Colleague: 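Have a look at this one.
Since the structure is predicted, the reported quantities are computational estimates derived from the model, not experimental observations.
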Amino acid sequence: MANQLSRYQAFRALHDRPGAFVIPNPWDAGSARILSALGFEALATTSAGFAFSIGRKDSAAALSREALLENARNIVEATDLPVSADLEDGFGADPWCCAATVSLAADVGLVGGSIEDATGDPANPIFDFGLAVERVAAAAEEARKHPFVLTARAENFLHGRPDLDDTIRRLVAFEQAGADVLYAPGLPNLEAIQTVCSSVGRPVNVVMGLAGQTFSVKELQQAGVKRISVGGSFARAALAGLMSAAREVKEHGTFTYSQHAMSAAEAASYMLDAKR
């Protein structure tokens, strides 16, 4: 618990200090070891990256809470850094499901996590406003019992609802319900990002690496962003490298990809030598 508390305090401090910080998203313990070695100060899990690694699509229907939290536990145990988790929709519509998920997340050593307002139902992709707020409030109440930073996500822009006013309305309500960090993935431009940041009083997370425009850390910091994640894009970049190497072998019968691959010695240098 002391170690978890120290990680929580370090995570809080990152949100309290001036400027923005990048929180990259490993998808397993090995990628967490590499990102830790590169000097990042905190990590966040990616449900998409984890899903791809086990041959599943990224959805609450395809990923069980148990599997997601076991993956998160492996990442927590692989690093001394604070780790936050993508907790999907809390694995249930009812507010108590969100609270239970936060409690279980804290039990595996996570010091943060996000709850989104997406339903997983294409016919009705976003929870109604009142229920969305109740879900965040329940998660926040549970988070206060643990060393845990709660992020609340407004998913409109990822689900065909590019309504900035409603997104801000939700984020403001999530803040009032007790969320520590606010997050609206898929915002279309810097102006929208700046508008969100200026409309709320809590730190804002923005994701880079999605299709479309990308902005530098400096640009995002100037817009008011506190935390920058990359979602599943690092995992997709790794898969692109795999696909390129495999296609070379399959289509050309050559192995020149190995000239650009990380050496076995370097890969091993990032990894633990002890049994779990």
Side-chain angles (χ1 to χ4, degrees), residues 7-54 58 63 68-88 105 108-114 116 148-151 153 158 180-187 193 203-221 223 225-242 262 266-267 269-272:
R7 295 192 202 202
Y8 166 77
Q9 291 169 338
F11 197 38
R12 274 284 189 186
L14 290 175
H15 293 83
D16 292 339
R17 75 184 187 189
F21 69 96
V22 177
I23 180 168
N25 302 78
W27 57 95
D28 60 11
S31 56
R33 293 289 302 171
I34 292 172
L35 292 172
S36 299
L38 285 172
F40 289 103
E41 298 175 276
L43 303 174
T45 70
T46 161
S47 62
F50 171 55
F52 301 153
S53 75
I54 61 171
D58 177 25
L63 296 176
L68 186 147
L69 290 177
E70 181 60 25
N71 175 251
R73 184 197 298 275
N74 291 339
I75 291 172
V76 168
E77 293 178 351
T79 180
D80 293 327
L81 297 179
V83 181
S84 183
D86 179 351
L87 299 174
E88 298 273 2
V108 303
L110 291 159
V111 296
S114 62
E116 62 191 43
F148 199 89
V149 175
L150 177 69
T151 298
R153 296 175 48 149
L158 292 187
D180 301 299
V181 178
L182 304 168
Y183 181 14
L187 293 173
I193 292 170
V204 171
N205 186 100
V206 165
V207 61
M208 287 288 102
L210 302 181
Q213 292 178 302
T214 62
F215 310 106
S216 68
V217 171
K218 182 179 180 180
E219 288 173 317
L220 292 170
Q221 179 173 290
V225 174
K226 173 58 63 176
R227 196 173 82 187
I228 305 162
S229 56
V230 299
S233 64
F234 277 11
R236 290 187 285 105
L239 290 175
L242 169 63
M262 181 183 292
E266 181 182 358
S269 73
Y270 299 125
M271 306 304 165
L272 292 168

Colleague: Testing T46, N205, N25, D86 for side chain to side chain donor-acceptor pair (under 3.5 Å) with S229, which one passes?
Modeller: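 Among T46, N205, N25, D86, the one meeting side chain to side chain donor-acceptor pair (under 3.5 Å) with S229 is N205.
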Colleague: Between S36 and T79, is any side-chain donor less than 3.5 angstrom from a side-chain acceptor?
Modeller: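 Their side chains do contain a donor-acceptor pair, which is all the 3.5 Å distance test asks for.
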Colleague: Evaluate the side-chain proximity of W27 to N71: yes if any heavy-atom separation is below 4.5 Å, no if none is.
Modeller: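 Side-chain contact under 4.5 Å: no.
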Colleague: Hey, could you give me the CZ/CG distance between R236 and L210, rounded to the nearest 0.5 Å?
Modeller: 7.0 Å
Colleague: Are side-chain heavy atoms of T151 and D180 found at a separation under 4.5 Å?
Modeller: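 The answer is no, as the side chains (C-beta and beyond) never meet within the 4.5 Å cut-off.
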Colleague: Taking only residues two or more places apart in sequence, or in another chain, which ones meet V22 in a side-chain contact (heavy atoms from CB on, under 4.5 Å)?
Modeller: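 So V22 forms a side-chain contact (heavy atoms from CB on, under 4.5 Å) with P24, F40, V217, I228.
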Colleague: Which residues pass the ring pair (Phe, Tyr, Trp, His ring centres under 6.0 Å) test with F215, not counting sequence neighbours?
Modeller: none
Colleague: For the OH atom of Y270 and the OG atom of S31, what is their distance to the nearest 0.5 Å?
Modeller: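 The distance works out to 13.0 Å.
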Colleague: If you round to the nearest 0.5 Å, how far is OH of Y183 from OG of S114?
Modeller: 7.5 Å
Colleague: In the structure I gave you, are the side-chain heavy atoms of P203 and R227 within less than 4.5 Å of one another anywhere?
Modeller: no
Colleague: Do L150 and V181 make a side-chain contact, defined as non-hydrogen atoms from C-beta onward lying under 4.5 Å apart?
Modeller: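 Side-chain contact under 4.5 Å: no.
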Colleague: For K226 and G19, indicate whether the former's side chain and the latter's backbone hold a donor-acceptor pair under 3.5 Å.
Modeller: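 Side chain of K226 to backbone of G19: a pair is present.
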